[in-house]
Every structure is written in C-alpha cells, then in structure tokens.
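In what follows, every heavy atom counts, from backbone to side chain, and hydrogens, waters and symmetry copies are set aside. In listed order, ligands and their atoms are each counted from 1.
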Amino acid sequence: MRALARLAAATLLVAAPLAAVTVSAADAADEPVPITVLTSDFEDGTAQGWAGRAAETVAHSTAVAHGGTGSLEITGRTASWQGPSLDVLGVLEKGTAYTISAWVRTVSGTDNARLSVERRTGEVASYDQVVGNTAVNAGGWVELTGRYTLATDVDLLRIYVETAAGTGAFHIDDVTVSYVPSLPIQTDIPAVRDAVTSFPVGAAITGAETVTTHGDLLERHFDSVTPGNALKWDATEPSENTFTYAQADPLIAWAKANGRAVRGHTLVWHNQTPAWVFTGADGQPMTATPEDKELLLSRLENHIRNVAGHYGDDIAVWDVVNEVIDENQADGMRRSTWYAVTGLDYIRTAFRVAREVLPDAKLFINDYNTNIPAKRDKLYDLVAQLRSEGVPVDGVGHQMHINVSWPSVAETEAMIRRFMPLGVEQQVTEMDVSIYTSEGESFPTPPADRLLRQAYVYRDMFALFQRYAAEITSVTLWGLADDNTWLDTFPVTRKDAPLLFDTRLQAKPAYWGVVDPSRITSPSPSVSPSSSPSIPSSASPSTSPSASGGPGACAVAYRVTGSWPGGFQGDVKVTNTGAATVSGWALTWQYAGDQRIAQLWNGALTQSGPAVTVTNTSWNGTLAPGASASFGFLGSWTGSNPAPSAFTLNGAACTPL
Ligand code: 9MR
C-alpha cells in the first residue's frame, strides 16, 4: 500500500480566486500533506483584497518585506482593533481544521499583535481569537500562527490582525491558510461505546467536533459530551444579566438529536469568569464586605437560575463548582475571589440553587489531582462537611489529567476507594494521558514507545474503572482527537497526543488499550495472517466473485468534497449490500472526464487512463453484510469533473448512490 500510495511527486499548481492552491502528492497515510488554500504575499504590487476594518489605510508597501520585496502596510489607525482584514467566506469550509499564519512587524515601537476571525450569522457577530497577544516590534518579523475550525454556517467571514494597545502603523506579509485533509473515520473497528458497557464514555467537545468527519467520529464512539468551554460563565453571561447560548446551544442540540447525554461544565469556577462578576457596586474589586458578599451571591444565584434553567432536563449532570480545593491551605480551600468574598457560602449557594432549579439533576464537585493524597483528603473533608450540612452534593468528579508515567493504578484506586464511604457517585470527568513526563520534553511527532506506554495506561485505568463500575458512573475524555487538545499549549507549547484518536482521527494504540488490549502492539491494526483477506489483483478483479455476493450486492457513494480550478478532493464509501461477507475487494470505475487521482488513502490505487481500480488495505478488506469501507483521494481535472456513473465490486455491478 505504501508503494502504491507513494505516487510520483505529482504537483498540482493552479490559480484560485485568492491564491495558489498547491497539492503535493506523498504517502498521505504516513505523512500528512498540507493543502494551502490562501496565500497573500503582496508581491504583485496590490493589497490582494485586504482592506481596513474601519477608516484606516491599508496599502501595498516596499518599505519592508518578509519574503520577496512587498508587504502590506497599515497606517492611520485610530483604535487598536483597527487593522487589515480579508474576506475568506467561501475559502474556509465548515468543519475543516485550518492553520492560519501571518508575519507581522511594527513600523516603529512595540505592541502585541493578535490574529482573529470575525464571523456573522444573521445579525449575530462573533470574534474568534486564533492567535493571542504576541509581542511585535520594528526590528524583525514575528509569525502569528494558530489553528481554526469554523463550526457554523456564516454569512460573513473575515480574518484580521489587530494590536492589543496602541494605534501605531504596522506591516503584515506572507499570510497563508492551509489544512491537512482529514481521513475518513475507520468504520471497521469497534465503537468505544459498544466496547465499554460498564458506564457511558464521553468526550469534551467544541462546536467544530459535531460536524463533518469529527461529528462522524463523535457519533460513532461516544455516549455523552461535555461542552469544553461553551457553558462557562464567560461564554454564557459575558456581561451582567445578558445571557447568550450561541456557543452551547448547537452542542446540546446535537446531543439531543443523537440521543447522547450531556455533562454540564461548569457553573462556578475561578477561571473564565468575567471581571464584572467580581466588581462591586462602587466599581472597585470586591472584598470581604457584607455588601460585596450579598451582591456576589445574588449574581451567582441569577447565573445558575438562568443557565441551568435554560437547559432544564437536557443536562442531567452538572459540575456545579470546579477546582475549589488548594491542599496547601490549612483549610484546604483555594484562595479565589469567590472564597475571599463569601467563604464557603458560594459553594453552599451554588448547590442549593442548582438543586432548586434542577431537582433531578446530579450535582458534582469537580477537581484535578484528586489522586494526590493531600488534595484528595481535603476534597473528602469538604464534601463530608457539605453533605453533613445538607448541601446537595451528589458526586465527586475526578478530572484525571495524567501522563504516561503518573499516577499509578494503585494511587488511582486509592482515590476511588477514599470516597466510597461518603456514598457519592464518582465520575472521571476530563481524562487525558499526556505523552510527556516533564516540561523539558518536546517531540515533533509522538514517539512509538510513548504511544505504547499510553496505550497501557488507558488499558489499566479503564480496567480499574470497570472494576469499580458500582462507583464510577461515567468516564469522559478531555477531547475527541489529538488535533484539538488543550495540552498543545499547556504547560508549554508543544505537540501533545493525549487522546484515543490521532490528529487525522485514526485509532491509536490508546484506543485499543480501551477497546481490545490484545491489539495494542499493532498501531495500524492489521488482520492477523490466519484471517488475512485475499486481496484480488487489480488486473483480475473478478477473482472472488463468490465472495462478492453477486451482481447488485454493493452500493457506492462517490462524493466530491472539495473542488478548485484544476484540483479536487473526494471520498468514496462502498457498502456490502449482499448477504455474504466480502473478503478482499477491488472497486472499479471509469472517468468520463480527464480526471487523474494523485494521492489516495485507506485503499490502494491503480489508474490506467480513465480506468480506476481501488483495492482494500490490510485492515478494511473484510465487509460483513451491511458493512462499509471508505477511502479518500486528491486528484486533478481539466474541462469538467463529472462523477462516475457506474462501479463494480469484484467484478459485480454496484448501485451508485
Ligand atoms: O479545555 C479548556 C481550554 O480550551 C481552555 O482554554 C481552558 C481555559 O481555562 O480550560 C480548559 O478546560 C479546563 C476545564 O474547564 C477545567 N479543568 C482543566 C481543563 C484544562 O485546562
């Protein structure tokens, strides 16, 4: 398969409305090939479509350049938010994870530059920060680079650069937007939610993870979801008594539509809480006065009544308070503003109000490092005290942000056992397993030995949780796949890989650690030799007719998922609609146009003129009745790009879908 996929380095270089689109062929299964959908190099003497956000001046410049001789200069700014902006509606597609990069320098002086996306749907505008404040000066170019996935349909979409403080002139150059084509999800491996039946398994998500291929992966494998940020205070009540559910509503709607549970996260936290919450009536930061305490608790009550009430029974489990413990304090309580102003009363109020609003919901106290005995015991003491007072704490959430060498199973078991006498539910709420064991490490790609260690950690921890299934009522992973994890920037910026699926949404050894530990040593799970499929030769694709189930026993969906002048991306799903298992397959079609496939994944390609044959890989060759296999590809076309109208599977005609 490698040899077949590693075609001659075909390069498609074609003009697109905004920029050149470059596709270089390589072995997509092993080496992701980024596709650049936008380049602004300012080498043609124009502003290449960039405009100001207000009345500032945006013009081509040859004063400085990052590459070549031209850049874009922004002058005449009267506010720090003013800067260059480019329409990318129609360039960025929903659900695709893009890398956006821009080089910036000031004309003089220093500032912090940041890069964002403005989007509007109807009257509602949102501003998504892609790259946060980054120090820039006049002495050299600084790259702003970050990842962005559009999760919703929009009427307006623009990328822009602004600064944090000043209004000085600055330059930008060599702006690029690129993505690595996602692979189809594997449909021939067990679903996590089917393999683990002792408790529901969930994933923390953003809106982007409910659509396209990510949505397929989520829907296939997970029983429940936790909005990772969308229900936090800064997202739901950014200014006093103004509630907005624009981020969270689509996630909860997805869960409802797909019959999945939701863990609500979180009603009270010291992070991601807007400053106004802690600002007193006098405009000053709150202190431990009776007036400030009363105001803060009334804001808390109002917040919970609105947010929990908005979702009602659609969210049956809430992290009511998050991370309130500090084991280094004698009383075990984190010195947050919540605590400084109200003592323990913010926790009492939060649980009381949540119970009033949601009499049937399970109410949790959630924290990290609960496996560390000192912290665990402080949390135990607090929960014991609250429950003895009648505060309705139903459960303890263990975040479980761990790594490949810490903690031990024994420590984790002691954590679970510690809380059993309290009679509370316990849930694992934010599990991920970093491949790093210290802050000094940084790997460009995850080393195989770390991925194996990680698989054994997942295996052992899930086995432990299953042994304590009477206590552990759900396990949630803090993310869907390694392409979106908070650990890429914490505690330092480096690529981490803490989840079950890799950056291209394919199952990792960690996945097998959860689903079938006997297959851990096989990172690309392959069929064992004794049961390996007989792969028909592409030259004689009808060698297994008996296995195909006969004519008409297959259905093929051929889709063009992206197209640009001269190039296109597609995927094909072939389904065995017969009564017999297909063991090894060859799918053929004829192109009516001048299409050439340059690169194909999850299958092996032969193309001779318009005749295309794709055979299975080692791991998707067996199609039970009703089962499907999918593969994707990049290709070129001239003239027109019609979809093929007829397909055969092992020589038998299929129904085109
Ligand atoms: O995953 C969240 C990340 O996107 C946010 O930037 C971060 C900011 O506070 O919060 C992350 O989620 C945290 C969760 O809410 C509470 N436990 C720790 C999680 C990781 O920081």
Side-chain angles (χ1 to χ4, degrees), residues 97 114 116-117 126-133 146-149 151 202-210 214 218 222 224-238 247-248 251 262-275 277-278 303 307 315 317-327 334 336-338 350 364-372 375-376 379 395-403 415 427-434 436 439 474-499:
R114 53 189 184 225
S116 306
V117 171
S126 303
Y127 303 88
D128 303 325
Q129 189 167 289
V130 180
V131 188
N133 285 346
R147 290 169 66 84
Y148 183 70
T149 305
I205 55 164
T206 63
E209 269 121 19
T210 62
H214 289 84
L218 180 67
F222 293 99
S224 80
V225 294
T226 303
N229 288 307
L231 287 169
K232 291 172 181 171
W233 199 309
D234 58 352
T236 51
E237 194 185 2
Q247 273 190 60
L251 306 188
V262 180
R263 289 198 86 261
H265 176 88
T266 171
L267 294 170
V268 187
W269 194 21
H270 58 278
N271 278 340
Q272 290 174 277
T273 304
V277 177
F278 304 120
H303 181 77
V307 177
I315 300 183
V317 181
W318 272 99
D319 289 331
V320 176
V321 298
N322 191 40
E323 301 177 2
V324 302
I325 297 294
D326 177 355
E327 69 273 34
R334 177 187 291 276
S336 63
T337 310
W338 288 112
F364 274 69
I365 184 169
N366 190 45
D367 220 319
Y368 60 92
N369 288 355
T370 51
N371 50 285
I372 294 176
K375 184 154 190 179
R376 176 194 74 197
L379 178 60
V396 169
H398 306 286
Q399 292 186 4
M400 290 286 288
H401 293 294
I402 63 176
N403 69 44
M415 168 191 89
Q427 298 192 345
V428 173
T429 54
E430 304 184 16
M431 184 174 183
D432 45 25
V433 182
S434 172
Y436 295 106
E439 282 194 26
S474 93
V475 175
T476 292
L477 304 177
W478 205 243
L480 177 64
D482 289 344
D483 65 335
N484 183 12
T485 164
W486 72 291
L487 291 172
D488 282 353
T489 54
F490 181 89
V492 293
T493 298
R494 60 187 174 188
K495 186 69 201 114
D496 208 331
L499 299 162

## Note on the structure
Quick look: Trp478 vs ligand 1, heavy-atom contacts under 4.0 Å, and the answer is side chain
### Task
Write out the residue and atom name of the closest protein heavy atom to atom 14 (C) of ligand 1, then the distance separating them to 0.1 Å.
His265 NE2, 3.4 Å
### Query
Taking side chain as C-beta onward, heavy atoms only, is Asp483 less than 4.5 Å from His214?
yes
#### Entry: Numbered atoms and elements of ligand 1 in range of Asn322, under 4.0 angstrom, heavy atoms
16 (C)
### Query
Which residue holds the protein heavy atom closest to atom 8 (C) of ligand 1, what is that atom called, and what is the gap in Å?
Gln272 OE1, 3.1 Å
### Phe490 contact mode with ligand 1 (heavy-atom cut-off under 4.0 Å)
neither
### Query
Is there a donor-acceptor contact under 3.5 Å from the side chain of Tyr436 to the main chain of Lys495?
yes
### Query
Under the 3.5 angstrom rule, does the side chain of Lys232 hit a backbone N or O of Pro227 as a donor-acceptor pair?
no
### Query
If you measure from each non-hydrogen atom of Asn229 to ligand 1, which part falls under 4.0 Å: side chain, backbone, both or neither?
side chain
### Message
To check your reading of the model: name the closest protein heavy atom to atom 17 (N) of ligand 1, its residue, and the distance in Å.
### Response
Glu430 OE1, 2.6 Å
### Task
Using a 4.0 Å heavy-atom cut-off, say whether Asn366 meets ligand 1 through its side chain, its backbone, both or neither.
neither
### Message
Any heavy-atom pair between the side chains of Glu323 and Asp367 that's under 4.5 Å?
### Response
yes
### Member of Asp432, Thr429, Thr370 meeting the side-chain contact (heavy atoms from CB on, under 4.5 Å) criterion with Gln399
Thr429
### Task
Decide whether an N or O pair under 3.5 Å exists between Asn271 and ligand 1.
no
### Query
Can you tell if the side chain of Thr210 reaches within under 4.5 Å of the side chain of Leu251, non-hydrogen atoms only?
yes
### Message
Between Asp488 (side chain only) and Asp496 (backbone N and O only), is there a donor and an acceptor less than 3.5 Å apart?
### Response
yes
### Message
Taking 4.0 angstrom as the limit and counting only heavy atoms of His401, give me the atoms of ligand 1 inside it, by number and element.
### Response
18 (C), 19 (C)
### Task
Give the C-alpha distance, both sets of side-chain angles, the deciding distance and a yes or no for side-chain contact (heavy atoms from CB on, under 4.5 Å) between Glu430 and Thr476.
CA-CA 6 Å; Glu430 304 184 16; Thr476 292; over 6 Å; no
### Query
Are side-chain heavy atoms of Glu237 and Val307 found at a separation under 4.5 Å?
no
### Message
I'd like to check atom 6 (O) of ligand 1 in this structure: does the protein have a heavy atom lying under 4.0 Å from it?
### Response
no
### Task
Within a distance under 4.0 Å of any heavy atom of Glu323, pick out the atoms of ligand 1 and give their elements.
16 (C), 17 (N), 18 (C)
### Message
Counting non-hydrogen protein atoms only, what is the nearest one to atom 10 (O) of ligand 1? Give residue, atom name and distance.
### Response
Lys232 NZ, 3.2 Å
### Summary
Quick note on ligand 1: atoms under 4.0 Å from a heavy atom of Gln399 include exactly 16 (C), 17 (N), 18 (C)
